[in-house]
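Quick notes on the structure that follows.
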There are 2 protein chains.
Amino acid sequence: MKPNIKDIARHAGVSPTTVSRVLNNRGYISQKTKDKVHQAMKELNYFPNELARSLFKQRTHLIGLIFPTTANPFYGELIFHIENAFSSKGYKVLLCNSLNRVDKEIDYLDMLQRNQVDGIIVGAHNRHISQYESMYLPAVAIDRNLSNSIPVVSSDNYLGGKVATEHLLKKGCQKIIHINGPHELETPANKRREAYEEVMVKEGRFPITYELRQSLDENYTKTIIDQLFDENPDVDGIFASDDLIAATVLSEAKKRGKDIPTELKIIGYDGTSTVKTCLPELTTIQQPIQAIAQSAVDLLIHQINGEAVDEPLKNIILPIQLSNGFTT
Amino acid sequence: MKPNIKDIARHAGVSPTTVSRVLNNRGYISQKTKDKVHQAMKELNYFPNELARSLFKQRTHLIGLIFPTTANPFYGELIFHIENAFSSKGYKVLLCNSLNRVDKEIDYLDMLQRNQVDGIIVGAHNRHISQYESMYLPAVAIDRNLSNSIPVVSSDNYLGGKVATEHLLKKGCQKIIHINGPHELETPANKRREAYEEVMVKEGRFPITYELRQSLDENYTKTIIDQLFDENPDVDGIFASDDLIAATVLSEAKKRGKDIPTELKIIGYDGTSTVKTCLPELTTIQQPIQAIAQSAVDLLIHQINGEAVDEPLKNIILPIQLSNGFTT
DNA sequence: TTTAACATGTCAACCCGTTGACATGTTTTT
DNA sequence: AAAAACATGTCAACGGGTTGACATGTTAAA
């Protein structure tokens with residue numbers, strides 16, 4: 001079986017306490033003893049059992065990440081940066097793909113607490129989940145209000161929606177339509193929609209928002225976009241609430257022979273490096289993905305260390321940037 | 001502090017053993033007692049400590065995933081399916097982004113073993129790492145040989161390279177060039193290159209492979225592609241070893257005013273749904289991502305359950321598919 | 001009425017490493 | 001020569017659950 005600390009002690013000819021002292025750099029130990037112990041660990045292929053250590057220390061250095069899915073490039077990149085940042089500070093990350101399903105999110109939350117994670121970062125979107133309120137656990141939300149006490153990190157979604165809409169207006173669009181995800185989820189996209197609608201109204205335009213409900217049908221998005229074009233043959237500007245929707249709009253528009261950007265201008269949202277590589281021509285609102293990740297990680301570690309979260313940190317809003325492409 | 005099993009016992013007016021029996025469905029317990037215990041757990045917000053359970057049971061239901069980065073859509077999707085499959089079987093997943101760096105991979109491997117994971121799935125690419133040989137731990141590799149005893153799951157990379165090359169030939173390309181990642185890494189792309197080179201030679205053509213070394217420079221890929229076009233103004237077919245490279249080729253070609261597919265045909269590799277959404281027109285070799293994930297997960301759980309891995313399972317090769325777009 | 005099956009309790013050992021208290025001996029420093 | 005620092009050992013409690021052994025009492029089936 002796996003060797004334990006006693007096996008190492010025996011093999012190195014010292015006491016278990018001495019091994020523990022070497023492992024934790026406590027008290028006085030001679031270099032010779034250190035070497036002997038390290039040698040023994042190597043020879044027996046010993047890995048200190050973190051379960052036992054964590055159990056005693058009441059600290060796991062384990063973080064739970066609840067996100068919709070790593071399959072989406074925005075989350076894939078965000079999670080990458082989050083894991084990176086945690087890893088460099090000695091934390092490990094448990095990955096949970098909630099798929100924006102309430103039942104999954106609740107199950108994961110339960111699982112993470114059983115596993116004694118030191119904290120969680122939640123970027124999933126869902127209807128309100130009450131569990132977060134009674135929870136005693138350091139947490140940071142990304143782009144979502146989980147409870148009064150849980151700080152939120154996000155980029156400036158309202159500004160993003162505003163900049164996108166104003167950009168299309170400035171480019172001369174007469175009929176601008178917005179496509180958005182499910183309204184009932186607490187997504188940041190709602191603020192983008194809000195901004196779009198307010199800017200439109202302020203400019204004396206009539207806002208039209210198409211809603212994409214959650215669907216298992218692969219072609220659902222295409223169907224709705226098709227419908228949008230059928231119902232609005234004169235549309236000349238589309239603001240999509242994320243780049244993948246924008247990409248679908250783009251290809252559907254091309255199918256219909258619409259010239260981009262003369263007949264139709266398109267702007268997306270997110271600006272992931274994946275989409276930038278695949279569709280460098282797409283105009284989009286770029287989120288500061290790495291900065292969001294870093295802020296969330298710092299804020300969580302701050303809490304884990306028992307430091308208070310001052311009011312200004314309760315709601316961190318990071319700047320977005322217009323990334324000008326050829327689709328507008 | 002967090003309640004423990006004794007607190008629950010006291011609160012429910014039963015013995016700790018009874019609580020444990022309820023928790024594990026062991027022995028005889030009346031419904032009334034079960035209810036009392038569950039009620040107490042709810043009231044005290046109790047989460048059974050998995051560390052303690054795992055420590056005793058010598059089983060964590062924890063799996064380590066070592067992959068280059070979730071930021072890449074291929075890995076993002078693969079990891080999504082892997083996590084999904086594990087989650088449905090009661091396993092949790094520790095995410096490690098190795099960035100194809102040997103030092104990171106070794107550190108993660110160490111960390112995972114300290115954390116007593118039940119097994120690991122490795123999809124990272126690197127030079128040979130000897131640690132895998134001495135390791136006593138169920139493992140599955142994706143697209144890479146880690147050691148003699150560790151089974152490998154992959155899609156048919158040789159066939160993929162062959163199909164891609166033959167496809168370009170069939171479409172009438174006269175000068176086909178291949179672009180590939182770093183040769184020194186043990187990547188599946190090497191088999192794609194091998195197939196390309198063999199098919200070319202068999203057809204009496206001269207194979208030309210451009211190698212993309214690992215680089216921190218964002219524009220490095222573009223630079224090499226630029227160089228490729230400069231050095232080969234007559235190139236009329238490019239087989240890229242992944243879709244993101246293909247996408248870059250596509251946009252660089254457009255910049256040079258090359259008409260796709262008449263002047264230049266492009267074929268990529270991977271066929272992730274992200275790229276399919278962004279670039280539906282791209283011809284590519286589609287990997288069965290979900291099937292790869294499922295096979296790897298099944299195979300690992302198989303090993304964890306102590307069942308032998310028969311010879312045919314040691315090297316699972318799944319079929320690829322040509323996804324015909326408009327770039328060829 | 002006897003015998004199972006049911007229901008719950010007590011107790012201790014175990015999983016593995018950590019830590020504080022205390023002891024003992026060796027060096028090194030004043 | 002005395003005091004301080006260094007080096008290692010022994011021992012037991014602890015973190016939080018699990019499990020087997022054993023005891024006792026109740027209820028239901030034979």
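In what follows, chains are A, B, ... by sequence order, proteins preceding strands, each numbered from 1.
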Fill in: Nearest-angstrom distance from the residue atom CD of A:Gln116 to C1' of D:dG17
11 Å
Discussion item. Treating A:Asn190 as the side-chain partner and A:Leu185 as the backbone partner, does any N or O pair qualify as donor plus acceptor under 3.5 Å?
Written reply: yes
Practice prompt. Between B:Ala52 and A:Lys34, just flag the one whose closest nucleotide in DNA chain D comes earlier from the 5' side.
Written response: A:Lys34
Practice prompt. List the steps and the verdict of side-chain hydrogen bond (donor to acceptor under 3.5 Å, both in side chains) for A:Gln31 and A:Asp35.
Written response: CA-CA 6 Å; A:Gln31 192 55 49; A:Asp35 293 345; 3.1 Å; yes
Worksheet entry | Contact list for DNA chain C against residues 7-25 of chain B - heavy-atom distance below 4.0 Å | B:Gly13, B:Val14, B:Ser15, B:Thr17, B:Thr18, B:Arg21
Worksheet item: Could you give the start and end, 5' to 3', of the contact zone on DNA chain C for chain A, using atoms under 4.0 Å from its heavy atoms?
Response: C:dC16 to C:dA21
Worksheet item: So what does A:Glu50 touch, heavy atoms closer than 4.0 Å: a base, only the sugar-phosphate, or nothing?
Response: nothing
Worksheet item: Nearest 0.5 Å, what's the CZ-CD1 distance between B:Arg144 and B:Ile150?
Response: 9.0 Å
Discussion item. Measure CG/A:Leu55 against C1'/D:dG16 and give the value in whole Å, please.
Written reply: 5 Å
Worksheet item: Are the side chain of B:Thr70 and the backbone of A:Gly76 linked by a donor-acceptor contact shorter than 3.5 Å?
Response: yes
Discussion item. Nearest heavy atom decides the nucleotide; on that basis, is B:Ser30 or B:Gln58 closer to the 5' end of DNA chain C?
Written reply: B:Ser30
Worksheet item: Among A:Ile142, A:Leu112, A:Leu94, which residue meets the side-chain contact (heavy atoms from CB on, under 4.5 Å) test with A:Ile66?
Response: A:Leu112
Discussion item. Between B:Lys104 and B:Asp107, does any NZ, NE, NH1 or NH2 come within less than 4.0 Å of an OD or OE carboxylate oxygen?
Written reply: no
Practice prompt. Could you check how far CZ of B:Phe56 sits from P of D:dG15, rounded to whole Å?
Written response: 19 Å
Worksheet item: Residues two or more places apart in sequence or in another chain: which of them pass side-chain hydrogen bond (donor to acceptor under 3.5 Å, both in side chains) with A:Gln294?
Response: A:Asp298
Fill in: Sugar-phosphate, base or nothing in reach of B:Ser54, heavy atoms under 4.0 Å
nothing
Fill in: A:Lys36 side chain reached by A:Val22 side chain, heavy atoms, under 4.5 Å
no
Item to complete: Classify the nucleic acid contact of B:Lys6 as base, sugar-phosphate or nothing, counting any heavy atom under 4.0 Å across all strands shown.
Response: nothing
Discussion item. Let me confirm one number: the CD1-CD1 distance from B:Ile63 to B:Ile120, rounded to the nearest 0.5 Å.
Written reply: 9.5 Å
